Amino acid sequence: MMKQAQKMQLEMEKAQAEIALLTAESSTGGGMVKAVASGDGSIQSITIDPDGIDPEDVEMLQDMILTAVNDALQKVNELASLRMSAVTGGMNLPGF
């Protein structure tokens with residue numbers, strides 16, 4: 001039993017290292033705004049097409065940025081959950 005727990009712990013550590021390297025991209029406004037999130041929860045990049053900027057409608061640009069960032073974070077979190085689920089066999093372990 002102890003060996004199984006140690007093996008699972010090693011596999012979880014390996015999965016967490018892999019998750020940190022994951023990235024997910026999202027775009028909004030027909031590709032006017034793109035965001036890339038990494039598995040460690042950080043935003044790696046935000047790209048804004050200059051043609052999509054309307055100085056008269058800054059709120060729309062802000063909304064597109066928020067949507068792209070939140071969607072990219074959600075995607076990378078789903079990838080991380082799938083990876084951890086593969087290691088834990090679907091067990092719901094707190095903190096993972």
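Note that the numbering runs from 1 along the sequence shown for the chain. The model shown is predicted, which means the values in this text are computed figures rather than measured ones.
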Fill in the blank from the handout: So salt bridge (charged side-chain N to carboxylate O under 4.0 Å, His left out) across residues 77-86, not counting sequence neighbours, yields Glu18-Arg83

Handout entry: With Lys75 via salt bridge (Lys or Arg N to Asp or Glu O under 4.0 Å) - residues at least two apart
Key = Asp71

Exercise for the section: Consider only side-chain heavy atoms of I, L, V, M, F, W and Y, link residues closer than 4.5 Å, and tell whether Leu79 and Met12 are in one cluster. Expected result: yes

Fill in the blank from the handout: Rounding to 0.5 Å, atoms CD (Gln9) and CD (Gln6) come to a distance of 7.5 Å

For residues 54-64, run the donor-acceptor check on the side chains, cut-off 3.5 Å, and write out each pair with its distance to 0.1 Å, sequence neighbours left out.
| from | atom 1 | to | atom 2 | distance (Å) |
| --- | --- | --- | --- | --- |
| Asp54 | OD1 | Glu56 | N | 2.9 |
| Asp57 | OD1 | Met60 | N | 3.3 |

Under 3.5 Å, sequence neighbours excluded: what are the donor-acceptor pairs made by side chains of residues 29-48?
| from | atom 1 | to | atom 2 | distance (Å) |
| --- | --- | --- | --- | --- |
| Ser38 | OG | Asp40 | OD1 | 2.4 |
| Ser38 | OG | Ser42 | O | 3.4 |
| Ser38 | OG | Ser42 | OG | 2.8 |
| Asp40 | OD1 | Ser42 | N | 3.0 |
| Asp40 | OD1 | Ser42 | OG | 2.7 |

Exercise for the section: Report whether Met8 and Met84 are members of the same hydrophobic cluster (ILVMFWY, side-chain heavy atoms less than 4.5 Å apart, transitive linking). Expected result: yes

